[in-house]
Student: 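Submitted below is the structure of interest, expressed as structure tokens.
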2 protein chains.
Amino acid sequence: MAVTVDDKTVAELRNLADRLRIDSIRATNASKSGHPTSCASMAEIMSCLFFRVMKYKLSEPRDKSSDRFILSKGHAAPILYSAWAEAGLFPVEDLMNLRKLDSDLEGHPTPRLNFVDVATGSLGQGLSVACGMAYVGKHFDKASYRTYCLIGDGESAEGSIWEALHFAGHYRLDNLCAIFDINRLGQSEPTSLQHNMEVYRKRLEAFGFHAIVVDGHDVEELCKAFDEASSTLGKPTAILAKTYKGYKFPTISDELDWHGKPLGAKADEVIHAIEQQMQPRTSTGVPHIAEPVDDAPEVNIDDVRLSAPPAYKMGEMVATRLAYGTALAKLAEHNPRVIALDGDTKNSTYSDKIKKVSAERYIECFIAEQNLVGVAIGAGCRGRTIPYVSTFAAFFTRAFDQLRMGAISQTNITCVGSHAGVSIGEDGPSQMALEDLAMFRAIPGSTVFYPSDAVSCERAAELAGKTKGICFIRTSRPNTAVIYENEQAFSAGKGHVVRNHDEDDLVIVGAGVTLHEALKASDMLMESGIKAAVIDPFTIKPIDHDLLVKEATRCNGRVLTVEDHYPEGGLGEAVASTLAEQRNVIVKILAVREVPRSGPPEVLLEHFGIGAKAIAEAAKKLVAL
Amino acid sequence: MAVTVDDKTVAELRNLADRLRIDSIRATNASKSGHPTSCASMAEIMSCLFFRVMKYKLSEPRDKSSDRFILSKGHAAPILYSAWAEAGLFPVEDLMNLRKLDSDLEGHPTPRLNFVDVATGSLGQGLSVACGMAYVGKHFDKASYRTYCLIGDGESAEGSIWEALHFAGHYRLDNLCAIFDINRLGQSEPTSLQHNMEVYRKRLEAFGFHAIVVDGHDVEELCKAFDEASSTLGKPTAILAKTYKGYKFPTISDELDWHGKPLGAKADEVIHAIEQQMQPRTSTGVPHIAEPVDDAPEVNIDDVRLSAPPAYKMGEMVATRLAYGTALAKLAEHNPRVIALDGDTKNSTYSDKIKKVSAERYIECFIAEQNLVGVAIGAGCRGRTIPYVSTFAAFFTRAFDQLRMGAISQTNITCVGSHAGVSIGEDGPSQMALEDLAMFRAIPGSTVFYPSDAVSCERAAELAGKTKGICFIRTSRPNTAVIYENEQAFSAGKGHVVRNHDEDDLVIVGAGVTLHEALKASDMLMESGIKAAVIDPFTIKPIDHDLLVKEATRCNGRVLTVEDHYPEGGLGEAVASTLAEQRNVIVKILAVREVPRSGPPEVLLEHFGIGAKAIAEAAKKLVAL
């Protein structure tokens with residue numbers, strides 16, 4: 001493909017790069033913090049992308065058919081803000097509000113800004129998100145928009161980058177272009193590879209990319225590389241840009257100890273030096289921006305519904321993980337934008353059930369949970385799909401940072417974690433999720449479902465798809481009895497009294513397998529003349545405060561919680577904290593209090609103090625207090 | 001280097017491989033669960049390693065000078081157990097106790113077994129640990145032992161593997177040998193690269209390894225490759241073994257749907273088929289095992305002490321992150337086995353202070369937190385070093401799975417997380433740790449220090465180095481006043497009443513920056529005639545139950561907690577749960593209840609409801625109840 005970049009364009013892109021550079025210096029000087037040198041290394045990349053390569057609508061930055069840009073190295077936020085300001089989205093003077101409390105121009109980008117799809121700033125996460133967007137563009141939207149992701153060389157040490165590169169290479173995402181800003185310097189010392197461009201090239205090629213090494217400050221080379229990327233079919237392209245940190249800043253460029261520091265008193269001198277090199281502006285007004293082709297379909301992600309209600313018999317033994325698979329297929333039947341992602345555990349989590357409805361709507365992410373969650377976040381961006389992500393609950397810990405950033409990104413995804421707790425049995429502690437509730441509860445705005453039977457699990461899956469924010473559904477490995485009628489209604493934050501008597505002596509709160517243990521314990525206690533009510537909270541977050549207060553009060557202020565989880569941050573602490581402001585209520589927490597071991601599930605439940613006998617014992621002591 | 005493997009050895013290694021295979025079939029059949037096909041693919045690798053290549057002492061599996069073996073694909077545990085049994089460590093019949101509650105032969109390996117250094121089973125983690133051990137062997141022990149790590153092809157999709165490969169390549173760990181068991185099949189479908197051996201070779205070479213592709217079932221090729229690895233200097237070696245899952249199992253070998261399934265009724269037929277191919281045993285008794293060279297030094301990791309006591313002035317403004325750096329240097333001065341690891345944030349966490357004592361005892365892990373923690377776990381193995389690992393507290397979330405496995409591994413490391421909470425200010429939410437307490441509390445056996453001034457921070461660093469298990473020290477970015485005398489004694493689980501009066505109306509519990517806000521609030525409340533005691537818990541786990549009960553009782557059962565953290569799993573829930581069994585005590589929890597934003601630290605503290613004014617307001621309401 002013949003590429004021509006006329007002299008006028010070259011001159012304009014150079015000038016624009018310098019304007020972005022100067023904006024970044026000014027903004028970080030105004031905020032007295034930030035990373036101007038990290039902006040300067042990528043100024044030419046930004047001017048080429050924003051003012052020649054990318055097709056987008058200034059009037060609608062989240063437009064469904066526009067090219068996407070993810071700034072993985074989020075600390076270079078000022079130059080991203082500057083690019084949009086120079087493009088005309090908002091006044092350039094607003095850049096002086098960088099990092100102020102009343103400005104959305106935060107230290108690192110967040111979707112509080114309409115031109116930011118996902119928050120970045122924890123390094124190495126952008127490419128997974130970009131992969132999710134590119135996958136959706138290619139396979140679900142079948143549209144022409146392209147996805148660009150700019151990655152710092154420091155963050156390319158993160159394994160999540162290599163998970164994402166592997167994913168992009170495997171799925172031949174030729175609508176994805178990864179740009180590496182290889183400026184040689186990290187925060188505290190040079191990067192491990194410095195300017196060893198050939199090592200980068202070999203790595204990228206080995207991961208299935210078309211790799212192009214360029215001088216990252218040469219706009220002509222950059223434009224040619226971007227054009228080559230657009231015309232490369234069957235594989236994604238990586239542009240490996242050799243750059244200098246603080247490029248064009250005299251005495252600062254390529255020097256250590258300038259990471260994350262505004263130029264302060266040096267700013268004027270540096271700006272002057274840059275301006276000296278700039279050419280007079282060749283055109284007036286805002287730069288030219290290419291229009292996108294409007295070929296992405298309208299979608300409706302709000303219509304989430306099971307295609308048929310739960311259909312179980314009371315008392316039937318069904319694992320909630322299986323009920324999840326059944327629900328997933330029904331949700332997929334109803335809405336064509338329901339998709340499922342898994343990390344090679346689909347035959348254990350039962351996410352493979354979606355394949356019977358539509359094999360195309362399953363994305364295999366292999367054993368790479370950080371990328372699994374990142375791709376889901378990308379796939380859910382701008383409301384393009386309704387992603388359900390599953391793996392063993394324990395392995396979501398691998399993606400805690402992605403989930404944390406997902407909350408800042410205003411992500412809507414549902415995570416489904418199977419194989420919770422010691423009740424998985426013989427596989428042993430490495431496979432047992434015992435801290436997943438603590439993790440998902442600690443994510444701001446999250447909703448944590450813990451269904452105790454198949455009926456409530458199907459409804460949890462349906463509700464999660466409708467609920468904004470990050471949802472988690474904890475499913476169990478063993479079969480448990482169906483305890484709800486198929487017609488039972490459920491909602492987040494609403495618990496259910498599954499057993500009570502006149503004048504109960506205490507109330508037991510269990511969830512999942514421990515709810516069934518609690519019911520058995522209640523039977524045993526009745527033989528000793530102790531009446532125990534049993535509550536199924538359904539969601540651990542939000543937890544049903546009103547119901548717990550009411551039942552605790554009714555039951556002489558005696559509450560016993562039992563969970564297949566460590567004591568910290570789980571069901572017991574959720575109950576204790578929601579009841580903490582009640583005088584005259586006591587909460588006894590039963591949980592797994594040591595690293596467990598392999599053994600038969602039912603034996604382990606008693607061994608670690610959360611089986612029916614242990615519950616009954618604890619209840620007797622509590623009542624005797 | 002000329003390599004000869006005589007015919008007798010070849011025959012014996014082949015036979016031994018088959019014995020391991022058969023043992024694995026029998027053990028998993030006895031336990032009715034487990035992964036015999038994943039064992040079969042690596043049988044020849046194991047026979048070569050254990051009975052020709054590795055130098056070790058059966059009498060002392062954790063011997064300081066013996067070669068190390070890490071089974072990263074922990075689900076192949078039966079063949080590891082079988083290798084040690086066939087070597088003579090314990091009776092082969094014991095393998096029939098696999099996965100039983102009263103046996104340490106668990107579903108996945110844990111250090112309950114004396115021949116297991118670290119637990120594996122969450123995939124992709126073994127190589128980081130192996131890197132830590134190899135780094136220690138080369139640079140601290142300066143000994144001849146080698147480290148071998150066996151990695152599954154499925155798990156090689158994990159980014160943590162690529163972080164570790166990069167680390168090993170960068171540091172030219174030629175005493176490390178990574179063996180990839182490339183058996184083509186994952187759990188639910190073929191791996192993404194299947195048997196594309198050349199792609200593996202290119203990737204490994206690009207990551208700085210000497211890569212050797214072999215037929216993984218040919219013991220002669222394997223022995224030659226291991227010999228080549230031992231004699232390759234200046235870079236680590238990767239042996240890329242093309243293998244078949246369920247090798248030698250008729251109708252099962254290389255077939256899908258046999259992951260994690262015992263052979264059941266097919267076992268006898270398969271064992272018979274394997275035995276048919278075996279040669280009569282050429283020797284009696286246990287196989288030959290090479291002796292290690294005893295050249296690793298004795299070390300003492302129990303003598304942990306600050307070389308000089310804290311030396312601050314009361315009221316002096318010092319950030320706890322800086323006090324940590326000072327303490328680290330003092331600890332390093334006292335014990336030559338104190339080491340520090342960081343992920344390119346050493347000039348922010350102040351871990352770089354150790355370099356003034358000894359530059360060699362700092363390990364730069366670059367921006368790859370999973371590997372950072374994994375290397376630390378490896379470095380601390382068998383009590384070889386006392387590792388202090390630091391990064392921004394938020395970024396430890398990246399390594400939650402490594403920490404979770406670290407607890408199962410009986411790891412002794414200290415994690416130090418700086419930049420806690422909204423008090424970091426302008427950088428914004430991506431850099432603010434607000435869920436780190438929840439995470440570290442949920443790790444079994446952990447100790448969570450949250451020092452509130454420089455004196456207590458130095459003592460926290462000292463105590464952490466003496467404390468078994470995973471320790472976490474949360475440090476803060478802003479300067480805070482020194483509130484303790486240099487002579488003050490501290491211990492884990494022991495809080496301090498930093499302010500009280502006769503007849504206090506309530507007690508406030510704060511930590512870090514919020515302790516100082518609580519003290520300010522107490523001053524403000526006094527003006528309104530309200531007396532507020534203030535407690536510094538020092539450790540959030542264990543939390544000082546007795547002190548809290550005593551003070552809560554003394555203060556009319558009114559407790560107010562305030563933390564620079566989300567409400568879930570943090571200080572407030574720790575206090576609420578330890579007081580949950582007390583009647584007549586109420587706990588009001590102040591915490592950050594939404595995703596925060598950029599702004600000046602002191603403004604953010606009030607904006608998000610955890611500053612002095614907010615505390616005073618909440619206290620007034622609590623007292624009015």
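Lettering of chains follows the sequences in order, A, B, ..., and the numbering in each one begins at 1.
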Student: Checking A/His259 against A/Ser188: is there a side-chain donor and acceptor pair closer than 3.5 Å?
Tutor: no
Student: Determine whether the side chains of B/Asp342 and B/Thr345 contain a donor N or O and an acceptor N or O closer than 3.5 Å.
Tutor: yes
Student: Checking B/Glu573 against chain A: side chain, backbone, both or neither under 4.5 Å from a heavy atom?
Tutor: both
Student: Counting only non-hydrogen atoms closer than 4.5 Å, does B/Lys32 touch chain A with its backbone (N, CA, C, O), its side chain (CB onward), both, or neither?
Tutor: neither
Student: Is it the side chain or the backbone of A/Asp352 that comes within 4.5 Å of chain B heavy atoms, both, or neither?
Tutor: neither
Student: Has A/Glu155 got a side-chain atom pairing as donor or acceptor with A/Gly124's backbone, closer than 3.5 angstrom?
Tutor: yes
Student: Does any heavy atom of chain B fall under 4.5 Å from the side chain of A/Ser348, the backbone, both, or neither of them?
Tutor: both
Student: Hey, would you say the A/Phe400 and A/Phe396 ring centroids sit under 6.0 Å apart?
Tutor: no
Student: Does a side chain donor of either A/Ser160 or B/Arg398 reach within less than 3.5 Å of an acceptor in the other side chain?
Tutor: yes
Student: Measure A/Ile161 against the heavy atoms of chain B and call it side chain, backbone, both or neither at under 4.5 Å.
Tutor: neither
Student: Which value, rounded to the nearest 0.5 Å, describes the distance between A/Glu158 atom CD and B/Glu163 atom CD?
Tutor: 5.5 Å
Student: Tell me, for B/Pro190 versus chain A, whether the close heavy atoms (under 4.5 Å) come from the side chain, the backbone, both or neither.
Tutor: backbone
Student: Using heavy-atom distances under 4.5 Å, tell me whether B/Glu364 contacts chain A through its side chain, its backbone, both, or neither.
Tutor: side chain
Student: Which answer fits B/Arg201, side chain, backbone, both or neither, if we ask what part of it has an atom under 4.5 Å from a heavy atom of chain A?
Tutor: neither
Student: Does any backbone or side-chain atom of A/Ser33 lie under 4.5 Å from a heavy atom of chain B? Answer side chain, backbone, both or neither.
Tutor: side chain
Student: Indicate yes or no for a side-chain donor-acceptor contact from B/Ser103 to the backbone of B/Lys100 under 3.5 Å, with no hydrogens or angles considered.
Tutor: no
Student: Considering only heavy atoms, which portion of A/Pro596 lies under 4.5 Å from any heavy atom of chain B: side chain, backbone, both, or neither?
Tutor: backbone
